[in-house]
There are 2 protein chains.
Amino acid sequence: MSRANAGTKGVPRADRELQIVRAACEVFGTVGFAKASVAGIAADAGISKPLVYQYFGSKEGLFLASFNYGAETLAAEMERVAADDSVGLERGLRTLDGLFRTLEPQPWLWRLLFDPSAPDDGEVAAARAVYTDRITRLAVEGVGELMRLVGDDDPLDASALTAVWMSAVDALITWWLDHPEVTPTQMTERCHRLIAALSGAALPAHLMVDLGAG
Amino acid sequence: MSRANAGTKGVPRADRELQIVRAACEVFGTVGFAKASVAGIAADAGISKPLVYQYFGSKEGLFLASFNYGAETLAAEMERVAADDSVGLERGLRTLDGLFRTLEPQPWLWRLLFDPSAPDDGEVAAARAVYTDRITRLAVEGVGELMRLVGDDDPLDASALTAVWMSAVDALITWWLDHPEVTPTQMTERCHRLIAALSGAALPAHLMVDLGAG
DNA sequence: CTGAGGTAACTTACTCCAAGGTCATATCTC
DNA sequence: GAGATATGACCTTGGAGTAAGTTACCTCAG
(Lines give C-alpha, C1' and ligand atoms only; values in the text may rest on other atoms or scores of the structure.)
Protein backbone atom coordinates (compact mmCIF):
# COMPACT_ATOMS: atom_id res chain seq x y z
CA MET A 1 0.00 0.00 0.00
CA SER A 2 1.50 3.31 -0.97
CA ARG A 3 -0.38 5.30 1.67
CA ALA A 4 -0.91 3.79 5.07
CA ASN A 5 -4.51 2.64 4.88
CA ALA A 6 -5.97 5.50 2.90
CA GLY A 7 -9.25 4.75 1.30
CA THR A 8 -10.09 1.84 3.53
CA LYS A 9 -13.82 2.09 3.24
CA GLY A 10 -13.71 0.36 6.61
CA VAL A 11 -15.66 1.93 9.41
CA PRO A 12 -19.12 3.50 8.88
CA ARG A 13 -19.36 7.16 9.76
CA ALA A 14 -21.55 6.76 12.83
CA ASP A 15 -19.19 4.22 14.37
CA ARG A 16 -16.16 6.34 13.58
CA GLU A 17 -17.77 9.41 15.07
CA LEU A 18 -18.50 7.65 18.32
CA GLN A 19 -14.96 6.32 18.44
CA ILE A 20 -13.56 9.82 17.89
CA VAL A 21 -15.90 11.38 20.43
CA ARG A 22 -14.87 8.88 23.08
CA ALA A 23 -11.20 9.58 22.50
CA ALA A 24 -11.96 13.31 22.52
CA CYS A 25 -13.85 13.08 25.83
CA GLU A 26 -10.86 11.56 27.51
CA VAL A 27 -8.43 14.14 26.13
CA PHE A 28 -10.67 17.19 26.63
CA GLY A 29 -11.65 15.98 30.09
CA THR A 30 -8.06 15.35 31.09
CA VAL A 31 -6.05 18.28 29.72
CA GLY A 32 -8.90 20.67 28.91
CA PHE A 33 -10.06 22.21 25.64
CA ALA A 34 -7.26 24.74 25.32
CA LYS A 35 -4.36 22.36 25.79
CA ALA A 36 -5.88 19.55 23.73
CA SER A 37 -4.70 19.23 20.15
CA VAL A 38 -6.92 17.93 17.38
CA ALA A 39 -4.01 16.05 15.86
CA GLY A 40 -3.40 14.34 19.19
CA ILE A 41 -7.02 13.28 19.54
CA ALA A 42 -6.99 11.96 15.99
CA ALA A 43 -3.87 9.95 16.80
CA ASP A 44 -5.48 8.57 19.97
CA ALA A 45 -8.53 7.52 17.97
CA GLY A 46 -6.23 5.89 15.42
CA ILE A 47 -7.18 8.11 12.49
CA SER A 48 -5.93 11.29 10.84
CA LYS A 49 -6.71 14.91 11.61
CA PRO A 50 -8.61 15.79 8.41
CA LEU A 51 -11.12 13.04 9.11
CA VAL A 52 -11.96 14.78 12.34
CA TYR A 53 -12.51 18.01 10.44
CA GLN A 54 -14.61 16.25 7.83
CA TYR A 55 -16.90 14.86 10.53
CA PHE A 56 -16.95 17.65 13.11
CA GLY A 57 -15.98 20.77 11.19
CA SER A 58 -13.71 22.32 13.79
CA LYS A 59 -12.05 21.79 17.14
CA GLU A 60 -15.05 23.52 18.65
CA GLY A 61 -17.43 21.19 16.83
CA LEU A 62 -15.57 18.20 18.18
CA PHE A 63 -15.70 19.61 21.68
CA LEU A 64 -19.40 20.28 21.33
CA ALA A 65 -20.09 16.66 20.41
CA SER A 66 -17.92 15.43 23.28
CA PHE A 67 -19.52 17.80 25.74
CA ASN A 68 -23.02 16.76 24.78
CA TYR A 69 -22.07 13.11 25.10
CA GLY A 70 -20.62 13.54 28.58
CA ALA A 71 -23.11 16.07 29.90
CA GLU A 72 -26.08 13.97 28.86
CA THR A 73 -24.67 10.98 30.70
CA LEU A 74 -24.24 12.94 33.93
CA ALA A 75 -27.39 15.03 33.76
CA ALA A 76 -29.48 11.92 33.18
CA GLU A 77 -28.02 10.25 36.26
CA MET A 78 -28.67 13.29 38.45
CA GLU A 79 -32.24 13.55 37.22
CA ARG A 80 -32.77 9.89 37.92
CA VAL A 81 -31.79 10.44 41.55
CA ALA A 82 -33.84 13.62 41.79
CA ALA A 83 -36.92 11.67 40.77
CA ASP A 84 -36.65 9.73 44.03
CA ASP A 85 -38.43 11.15 47.02
CA SER A 86 -35.47 11.88 49.30
CA VAL A 87 -35.01 15.44 50.56
CA GLY A 88 -32.34 17.63 52.13
CA LEU A 89 -28.90 16.20 52.68
CA GLU A 90 -30.13 12.65 52.09
CA ARG A 91 -30.93 13.62 48.53
CA GLY A 92 -27.50 15.19 48.18
CA LEU A 93 -25.85 12.03 49.36
CA ARG A 94 -27.80 9.89 46.92
CA THR A 95 -26.79 12.21 44.09
CA LEU A 96 -23.16 11.80 45.06
CA ASP A 97 -23.56 8.05 45.17
CA GLY A 98 -25.06 8.00 41.70
CA LEU A 99 -22.26 10.16 40.35
CA PHE A 100 -19.53 8.01 41.85
CA ARG A 101 -21.00 4.95 40.17
CA THR A 102 -21.56 6.63 36.83
CA LEU A 103 -18.08 8.12 36.76
CA GLU A 104 -16.21 5.00 37.78
CA PRO A 105 -15.56 3.77 34.22
CA GLN A 106 -15.02 7.23 32.67
CA PRO A 107 -14.00 9.70 35.36
CA TRP A 108 -12.87 12.39 32.90
CA LEU A 109 -16.47 13.16 31.97
CA TRP A 110 -16.77 15.24 35.12
CA ARG A 111 -13.99 17.67 34.18
CA LEU A 112 -15.46 17.93 30.71
CA LEU A 113 -18.60 19.46 32.18
CA PHE A 114 -16.82 22.34 33.86
CA ASP A 115 -13.83 22.90 31.59
CA PRO A 116 -12.81 26.53 32.16
CA SER A 117 -10.75 26.63 28.97
CA ALA A 118 -13.66 25.79 26.71
CA PRO A 119 -14.95 28.52 24.39
CA ASP A 120 -17.45 30.80 26.11
CA ASP A 121 -19.45 31.76 23.05
CA GLY A 122 -21.21 30.20 20.11
CA GLU A 123 -22.77 26.76 20.12
CA VAL A 124 -20.59 25.51 22.93
CA ALA A 125 -21.81 28.24 25.25
CA ALA A 126 -25.39 27.45 24.27
CA ALA A 127 -24.94 23.74 24.99
CA ARG A 128 -23.26 24.49 28.28
CA ALA A 129 -26.12 26.79 29.21
CA VAL A 130 -28.61 24.02 28.49
CA TYR A 131 -26.84 21.47 30.67
CA THR A 132 -25.83 23.94 33.35
CA ASP A 133 -29.49 24.87 33.61
CA ARG A 134 -30.59 21.27 33.85
CA ILE A 135 -28.04 20.46 36.53
CA THR A 136 -28.27 23.71 38.44
CA ARG A 137 -32.03 23.36 38.51
CA LEU A 138 -31.65 20.12 40.42
CA ALA A 139 -29.20 21.64 42.86
CA VAL A 140 -31.37 24.72 43.39
CA GLU A 141 -34.37 22.50 44.00
CA GLY A 142 -32.50 20.35 46.51
CA VAL A 143 -31.00 23.31 48.32
CA GLY A 144 -34.40 25.04 48.32
CA GLU A 145 -35.98 22.09 50.09
CA LEU A 146 -33.17 22.10 52.61
CA MET A 147 -33.52 25.81 53.30
CA ARG A 148 -37.24 25.46 53.77
CA LEU A 149 -36.54 22.64 56.19
CA VAL A 150 -34.44 24.92 58.40
CA GLY A 151 -36.45 28.09 57.92
CA ASP A 152 -34.00 30.27 55.97
CA ASP A 153 -35.84 32.00 53.13
CA ASP A 154 -33.17 34.43 51.91
CA PRO A 155 -32.86 33.80 48.15
CA LEU A 156 -29.24 34.92 48.11
CA ASP A 157 -28.46 32.44 50.86
CA ALA A 158 -29.99 29.74 48.71
CA SER A 159 -28.00 30.88 45.71
CA ALA A 160 -24.72 30.88 47.63
CA LEU A 161 -25.42 27.51 49.23
CA THR A 162 -26.17 26.08 45.80
CA ALA A 163 -22.75 27.24 44.65
CA VAL A 164 -21.14 25.72 47.73
CA TRP A 165 -22.97 22.46 47.24
CA MET A 166 -21.96 22.12 43.61
CA SER A 167 -18.42 22.99 44.50
CA ALA A 168 -18.38 20.41 47.29
CA VAL A 169 -19.58 17.75 44.86
CA ASP A 170 -16.76 18.76 42.57
CA ALA A 171 -14.23 18.58 45.41
CA LEU A 172 -15.39 15.15 46.53
CA ILE A 173 -15.24 13.74 43.02
CA THR A 174 -11.83 15.28 42.43
CA TRP A 175 -10.59 13.90 45.75
CA TRP A 176 -11.91 10.51 44.78
CA LEU A 177 -10.10 10.59 41.45
CA ASP A 178 -6.90 11.13 43.43
CA HIS A 179 -7.68 8.06 45.56
CA PRO A 180 -8.53 5.41 42.97
CA GLU A 181 -8.38 2.56 45.47
CA VAL A 182 -11.54 3.88 47.16
CA THR A 183 -14.76 2.32 45.88
CA PRO A 184 -17.96 4.27 45.17
CA THR A 185 -19.59 2.62 48.18
CA GLN A 186 -16.78 3.69 50.50
CA MET A 187 -17.00 7.21 49.13
CA THR A 188 -20.69 7.39 49.86
CA GLU A 189 -20.09 6.21 53.41
CA ARG A 190 -17.35 8.79 53.77
CA CYS A 191 -19.71 11.53 52.64
CA HIS A 192 -22.18 10.47 55.30
CA ARG A 193 -19.50 10.76 57.99
CA LEU A 194 -18.36 14.16 56.76
CA ILE A 195 -21.87 15.56 56.92
CA ALA A 196 -22.19 14.21 60.42
CA ALA A 197 -18.89 15.80 61.41
CA LEU A 198 -19.81 19.20 60.03
CA SER A 199 -23.14 19.07 61.72
CA GLY A 200 -21.65 18.03 65.05
CA ALA A 201 -19.03 20.77 64.93
CA ALA A 202 -21.61 23.48 64.33
CA LEU A 203 -23.78 22.49 67.27
CA PRO A 204 -23.78 24.36 70.54
CA ALA A 205 -21.91 22.13 72.99
CA HIS A 206 -24.95 21.24 75.11
CA LEU A 207 -26.65 19.65 72.12
CA MET A 208 -23.70 17.64 70.86
CA VAL A 209 -24.44 14.04 70.19
CA ASP A 210 -22.46 11.24 68.68
CA LEU A 211 -23.70 11.13 65.13
CA GLY A 212 -21.55 8.16 64.30
CA ALA A 213 -18.05 8.51 62.91
CA GLY A 214 -17.59 4.85 61.98
CA MET B 1 10.22 62.46 19.14
CA SER B 2 10.95 59.92 16.45
CA ARG B 3 10.06 56.86 18.57
CA ALA B 4 7.26 57.19 21.09
CA ASN B 5 9.18 57.68 24.32
CA ALA B 6 12.08 55.34 23.68
CA GLY B 7 15.06 55.82 25.90
CA THR B 8 13.20 57.86 28.47
CA LYS B 9 15.31 56.92 31.44
CA GLY B 10 12.08 57.54 33.27
CA VAL B 11 10.98 54.87 35.73
CA PRO B 12 13.47 52.91 37.89
CA ARG B 13 13.44 49.19 37.36
CA ALA B 14 11.92 48.24 40.74
CA ASP B 15 8.97 50.59 40.23
CA ARG B 16 8.42 49.41 36.69
CA GLU B 17 8.51 45.79 37.76
CA LEU B 18 5.86 46.35 40.40
CA GLN B 19 3.71 48.19 37.90
CA ILE B 20 4.03 45.36 35.40
CA VAL B 21 3.37 42.69 38.04
CA ARG B 22 0.21 44.43 39.16
CA ALA B 23 -1.09 44.62 35.62
CA ALA B 24 -0.10 40.98 35.11
CA CYS B 25 -1.90 39.86 38.27
CA GLU B 26 -5.14 41.32 37.01
CA VAL B 27 -4.83 39.74 33.58
CA PHE B 28 -3.56 36.34 34.73
CA GLY B 29 -6.14 36.25 37.50
CA THR B 30 -8.95 37.20 35.17
CA VAL B 31 -8.38 35.22 31.98
CA GLY B 32 -5.82 32.70 33.25
CA PHE B 33 -2.24 32.04 32.25
CA ALA B 34 -2.99 30.26 29.00
CA LYS B 35 -5.30 32.86 27.51
CA ALA B 36 -3.26 35.85 28.68
CA SER B 37 -0.93 37.44 26.14
CA VAL B 38 2.32 39.11 27.11
CA ALA B 39 1.78 41.85 24.56
CA GLY B 40 -1.61 42.54 26.10
CA ILE B 41 -0.21 42.79 29.61
CA ALA B 42 2.53 45.10 28.38
CA ALA B 43 -0.10 47.30 26.77
CA ASP B 44 -2.16 47.33 30.00
CA ALA B 45 0.93 48.37 31.93
CA GLY B 46 1.59 51.08 29.38
CA ILE B 47 4.93 49.76 28.17
CA SER B 48 6.25 47.56 25.36
CA LYS B 49 6.64 43.80 25.18
CA PRO B 50 10.44 43.63 25.06
CA LEU B 51 10.67 45.46 28.36
CA VAL B 52 8.65 42.69 29.98
CA TYR B 53 11.08 40.14 28.57
CA GLN B 54 14.06 42.17 29.68
CA TYR B 55 12.78 42.24 33.27
CA PHE B 56 11.09 38.85 33.61
CA GLY B 57 12.74 36.69 30.95
CA SER B 58 9.61 34.87 29.77
CA LYS B 59 5.86 34.65 30.12
CA GLU B 60 6.45 32.02 32.77
CA GLY B 61 8.84 34.30 34.64
CA LEU B 62 6.25 37.04 34.62
CA PHE B 63 3.60 34.65 35.90
CA LEU B 64 5.95 33.47 38.62
CA ALA B 65 6.47 36.99 39.88
CA SER B 66 2.74 37.69 39.77
CA PHE B 67 1.90 34.44 41.51
CA ASN B 68 4.37 35.08 44.31
CA TYR B 69 2.99 38.57 44.78
CA GLY B 70 -0.60 37.39 45.02
CA ALA B 71 0.00 34.18 46.95
CA GLU B 72 2.08 35.93 49.58
CA THR B 73 -0.71 38.44 50.17
CA LEU B 74 -3.30 35.72 50.69
CA ALA B 75 -1.17 33.24 52.61
CA ALA B 76 -0.12 35.96 55.03
CA GLU B 77 -3.73 36.86 55.72
CA MET B 78 -4.72 33.25 56.34
CA GLU B 79 -1.79 32.74 58.70
CA ARG B 80 -2.74 35.88 60.56
CA VAL B 81 -6.19 34.45 61.23
CA ALA B 82 -4.77 31.03 62.10
CA ALA B 83 -2.66 32.65 64.81
CA ASP B 84 -5.87 33.53 66.66
CA ASP B 85 -7.24 30.99 69.08
CA SER B 86 -10.54 30.13 67.41
CA VAL B 87 -11.22 26.49 66.54
CA GLY B 88 -13.54 24.41 64.37
CA LEU B 89 -16.02 26.19 62.15
CA GLU B 90 -15.52 29.47 63.98
CA ARG B 91 -11.94 29.50 62.75
CA GLY B 92 -13.15 28.73 59.24
CA LEU B 93 -15.55 31.63 59.34
CA ARG B 94 -12.85 34.02 60.51
CA THR B 95 -10.61 32.88 57.69
CA LEU B 96 -13.37 33.60 55.22
CA ASP B 97 -13.92 37.02 56.73
CA GLY B 98 -10.23 37.85 56.42
CA LEU B 99 -10.18 36.72 52.81
CA PHE B 100 -13.23 38.77 51.87
CA ARG B 101 -11.60 41.89 53.27
CA THR B 102 -8.22 41.22 51.70
CA LEU B 103 -9.71 40.47 48.30
CA GLU B 104 -12.06 43.41 48.17
CA PRO B 105 -9.64 45.75 46.39
CA GLN B 106 -8.02 43.08 44.17
CA PRO B 107 -10.39 40.15 43.77
CA TRP B 108 -8.46 38.57 40.90
CA LEU B 109 -5.67 37.48 43.25
CA TRP B 110 -7.79 34.53 44.28
CA ARG B 111 -8.06 33.03 40.81
CA LEU B 112 -4.35 33.56 40.37
CA LEU B 113 -3.68 31.13 43.19
CA PHE B 114 -5.53 28.24 41.62
CA ASP B 115 -5.10 28.92 37.90
CA PRO B 116 -5.49 25.53 36.21
CA SER B 117 -3.90 26.75 32.99
CA ALA B 118 -0.63 27.71 34.64
CA PRO B 119 2.45 25.61 33.83
CA ASP B 120 2.69 22.52 35.99
CA ASP B 121 6.44 22.17 35.98
CA GLY B 122 9.57 24.21 36.55
CA GLU B 123 9.80 27.15 38.91
CA VAL B 124 6.10 27.86 38.77
CA ALA B 125 5.27 24.38 40.03
CA ALA B 126 7.83 24.80 42.79
CA ALA B 127 6.37 28.13 43.87
CA ARG B 128 2.86 26.74 43.77
CA ALA B 129 3.97 23.80 45.88
CA VAL B 130 5.41 26.17 48.47
CA TYR B 131 2.25 28.22 48.78
CA THR B 132 -0.12 25.29 48.41
CA ASP B 133 1.73 23.70 51.30
CA ARG B 134 1.49 26.81 53.42
CA ILE B 135 -2.21 27.21 52.77
CA THR B 136 -3.14 23.54 52.87
CA ARG B 137 -1.28 23.20 56.14
CA LEU B 138 -3.64 25.74 57.68
CA ALA B 139 -6.71 23.99 56.29
CA VAL B 140 -5.48 20.57 57.42
CA GLU B 141 -4.83 21.96 60.88
CA GLY B 142 -8.26 23.54 61.10
CA VAL B 143 -10.05 20.46 59.81
CA GLY B 144 -7.99 18.27 62.12
CA GLU B 145 -9.18 20.24 65.15
CA LEU B 146 -12.73 19.96 63.93
CA MET B 147 -12.49 16.20 63.42
CA ARG B 148 -11.02 15.77 66.87
CA LEU B 149 -13.90 17.79 68.23
CA VAL B 150 -16.45 15.37 66.79
CA GLY B 151 -14.45 12.17 67.30
CA ASP B 152 -13.74 11.14 63.72
CA ASP B 153 -10.12 10.03 63.46
CA ASP B 154 -10.05 8.56 59.94
CA PRO B 155 -7.17 10.33 58.15
CA LEU B 156 -8.81 9.93 54.75
CA ASP B 157 -11.96 11.56 56.11
CA ALA B 158 -9.81 14.48 57.22
CA SER B 159 -8.13 14.64 53.84
CA ALA B 160 -11.43 14.64 51.97
CA LEU B 161 -12.98 17.21 54.30
CA THR B 162 -9.97 19.45 53.78
CA ALA B 163 -10.55 19.29 50.04
CA VAL B 164 -14.24 20.07 50.55
CA TRP B 165 -13.46 22.97 52.85
CA MET B 166 -10.98 24.56 50.45
CA SER B 167 -13.41 24.07 47.63
CA ALA B 168 -16.21 25.66 49.63
CA VAL B 169 -14.04 28.68 50.33
CA ASP B 170 -13.39 28.91 46.61
CA ALA B 171 -17.10 28.66 45.85
CA LEU B 172 -18.04 31.35 48.36
CA ILE B 173 -15.43 33.74 47.06
CA THR B 174 -16.42 33.06 43.48
CA TRP B 175 -20.07 33.58 44.34
CA TRP B 176 -19.18 36.83 46.03
CA LEU B 177 -17.28 38.06 42.97
CA ASP B 178 -20.50 37.52 41.02
CA HIS B 179 -22.43 39.62 43.54
CA PRO B 180 -20.27 42.73 43.86
CA GLU B 181 -22.93 44.67 45.70
CA VAL B 182 -22.51 42.42 48.74
CA THR B 183 -20.05 43.71 51.34
CA PRO B 184 -17.46 41.55 53.13
CA THR B 185 -19.45 41.91 56.35
CA GLN B 186 -22.64 40.70 54.72
CA MET B 187 -20.76 37.76 53.24
CA THR B 188 -19.44 36.74 56.61
CA GLU B 189 -22.94 36.89 58.07
CA ARG B 190 -24.20 34.83 55.18
CA CYS B 191 -21.55 32.19 55.82
CA HIS B 192 -22.71 31.96 59.43
CA ARG B 193 -26.27 31.34 58.31
CA LEU B 194 -25.25 28.71 55.78
CA ILE B 195 -23.30 26.75 58.37
CA ALA B 196 -26.33 26.90 60.63
CA ALA B 197 -28.59 25.69 57.84
CA LEU B 198 -26.37 22.76 56.98
CA SER B 199 -26.08 21.81 60.56
CA GLY B 200 -29.80 22.02 61.17
CA ALA B 201 -30.59 19.94 58.09
CA ALA B 202 -28.27 17.15 59.17
CA LEU B 203 -29.83 16.80 62.59
CA PRO B 204 -32.27 14.08 63.49
CA ALA B 205 -35.65 15.78 63.73
CA HIS B 206 -36.00 15.42 67.49
CA LEU B 207 -32.88 17.54 68.02
CA MET B 208 -33.74 20.30 65.60
CA VAL B 209 -33.40 23.76 66.98
CA ASP B 210 -33.64 27.20 65.48
CA LEU B 211 -30.03 28.15 64.91
CA GLY B 212 -30.99 31.56 63.58
CA ALA B 213 -31.61 32.23 59.93
CA GLY B 214 -31.66 36.02 60.19
C1' DC C 1 -21.09 -11.83 -14.61
C1' DT C 2 -18.54 -7.60 -15.27
C1' DG C 3 -16.66 -3.30 -15.30
C1' DA C 4 -17.43 1.79 -15.25
C1' DG C 5 -18.89 5.42 -12.63
C1' DG C 6 -20.55 7.32 -8.20
C1' DT C 7 -19.65 8.19 -3.54
C1' DA C 8 -17.97 7.53 1.18
C1' DA C 9 -13.85 6.99 3.88
C1' DC C 10 -9.27 8.44 4.47
C1' DT C 11 -4.51 10.52 4.07
C1' DT C 12 -0.33 13.41 2.84
C1' DA C 13 1.24 17.72 2.47
C1' DC C 14 0.48 21.87 2.59
C1' DT C 15 -1.27 27.26 4.22
C1' DC C 16 -1.98 30.54 7.74
C1' DC C 17 -1.81 32.95 11.99
C1' DA C 18 -1.49 34.27 16.76
C1' DA C 19 1.65 34.67 20.20
C1' DG C 20 6.18 33.75 22.42
C1' DG C 21 10.62 35.42 22.07
C1' DT C 22 14.88 38.18 20.05
C1' DC C 23 17.80 41.93 17.82
C1' DA C 24 19.44 46.12 16.80
C1' DT C 25 19.06 50.57 18.04
C1' DA C 26 17.59 55.02 20.25
C1' DT C 27 17.52 58.24 24.18
C1' DC C 28 18.31 59.56 28.76
C1' DT C 29 21.47 60.31 33.20
C1' DC C 30 25.86 60.50 35.27
C1' DG D 1 31.38 57.25 26.94
C1' DA D 2 29.18 53.83 30.04
C1' DG D 3 25.16 51.89 31.50
C1' DA D 4 20.09 51.79 32.30
C1' DT D 5 15.62 52.37 30.23
C1' DA D 6 13.00 51.66 26.38
C1' DT D 7 11.12 50.42 21.63
C1' DG D 8 9.90 48.97 16.42
C1' DA D 9 10.62 45.36 13.59
C1' DC D 10 11.75 41.03 13.14
C1' DC D 11 12.18 35.73 13.72
C1' DT D 12 10.03 31.30 15.09
C1' DT D 13 6.84 27.80 16.21
C1' DG D 14 2.89 25.06 17.31
C1' DG D 15 -1.36 24.04 16.09
C1' DA D 16 -5.88 25.14 13.59
C1' DG D 17 -7.68 24.48 9.31
C1' DT D 18 -7.58 23.14 3.93
C1' DA D 19 -6.65 21.32 -0.86
C1' DA D 20 -6.20 17.67 -3.49
C1' DG D 21 -5.65 13.20 -4.26
C1' DT D 22 -6.12 7.80 -3.09
C1' DT D 23 -8.57 3.59 -2.08
C1' DA D 24 -12.57 0.73 -1.32
C1' DC D 25 -17.26 -0.51 -1.62
C1' DC D 26 -21.87 -0.21 -4.15
C1' DT D 27 -24.91 -0.12 -8.01
C1' DC D 28 -26.65 -0.88 -12.31
C1' DA D 29 -26.37 -1.13 -17.56
C1' DG D 30 -25.08 -4.25 -20.91
Strictly under 3.5 Å: I want the nitrogen or oxygen pairs between protein and nucleotides 15-22 of chain C, one per line.
residue : atom : partner : partner atom : Å
C:dG20  : OP1  : B:Ala36 : O            : 3.2
C:dG20  : OP1  : B:Lys59 : NZ           : 3.0
C:dG20  : OP2  : B:Val38 : N            : 3.1
C:dG20  : N7   : B:Lys49 : NZ           : 3.4
C:dG21  : OP2  : B:Tyr53 : OH           : 3.2
C:dG21  : OP2  : B:Lys59 : N            : 2.9
C:dG21  : N7   : B:Lys49 : NZ           : 2.9
C:dG21  : O6   : B:Lys49 : NZ           : 2.6

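- For the segment residues 118-128 of chain A, no residue has any heavy atom less than 4.0 angstrom from an atom of DNA chain C.
- Residue A:Tyr55 is classed as a sugar-phosphate contact, given heavy-atom separations below 4.0 Å to backbone atoms only.
- For the pair A:Arg16 and C:dC10, the criterion of a side-chain N or O lying under 4.0 Å from OP1 or OP2 is met.
- For B:Gln54 and C:dA24, the CD to P distance is 14 Å, given to the nearest whole Å.
- Partners of B:Val38 under the side-chain contact (heavy atoms from CB on, under 4.5 Å) rule, at least two apart in sequence or in another chain, are B:Lys49, B:Val52, B:Tyr53, B:Lys59.
- Partner of B:Phe63 under the side-chain contact (heavy atoms from CB on, under 4.5 Å) criterion, chosen from B:Asp115, B:Asn68, B:Ile41: B:Asp115.
- One finds no salt bridge joining A:Glu79 and A:Arg137 here, because no Lys/Arg side-chain nitrogen approaches an Asp/Glu carboxylate oxygen to under 4.0 Å.
- The side-chain contact (heavy atoms from CB on, under 4.5 Å) check on A:Ala34 picks up A:Ser117, with sequence neighbours excluded.
- Taking atom CD1 of residue B:Ile20 and atom P of nucleotide D:dT5, one finds them 11 Å apart after rounding to whole Å.
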| query | Could you walk me through whether A:Met166 and A:Ile135 pass the side-chain contact (heavy atoms from CB on, under 4.5 Å) check? | reply | CA-CA 9 Å; A:Met166 292 177 77; A:Ile135 293 173; 4.0 Å; yes
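- Residues B:Asp121 and B:Glu60 share a closest heavy-atom pair of O-OE2, 3.9 Å.
- Ring-plane geometry between B:Tyr131 and B:Phe67 is classed as perpendicular, the angle between the planes exceeding 60 degrees on a 0 to 90 degree scale with a lower cut at 30.
- One atom, CD of B:Glu17, and another, P of D:dT5, lie 9 Å apart when rounded to the nearest Å.
- Here A:Thr183 pairs with A:Thr185, A:Gln186 under the side-chain contact (heavy atoms from CB on, under 4.5 Å) rule; sequence neighbours left out.
- In this structure, A:Phe56 places its CZ atom 12 Å from P of C:dC10, rounding to the nearest Å.
- A:Phe63 has its CZ atom 14 Å from the P atom of D:dA16, to the nearest Å.
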Could you give the side-chain donor-acceptor pairs of residues 167-176 of chain A under 3.5 Å, partners two or more places apart or in another chain?
residue  : atom : partner  : partner atom : Å
A:Ser167 : OG   : B:Ser167 : O            : 2.8
A:Ser167 : OG   : B:Ser167 : OG           : 2.4
A:Asp170 : OD1  : A:Trp110 : NE1          : 2.7
A:Asp170 : OD1  : A:Arg111 : NH2          : 2.8
A:Asp170 : OD2  : A:Arg111 : NH2          : 3.4
A:Thr174 : OG1  : A:Arg111 : NH1          : 2.9
A:Thr174 : OG1  : A:Asp170 : O            : 2.9
A:Trp175 : NE1  : B:Ser159 : OG           : 2.7
A:Trp176 : NE1  : A:Val182 : O            : 2.8

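- Here D:dG21 presents its C1' atom at 15 Å from CG of A:Leu51, a figure rounded to the nearest Å.
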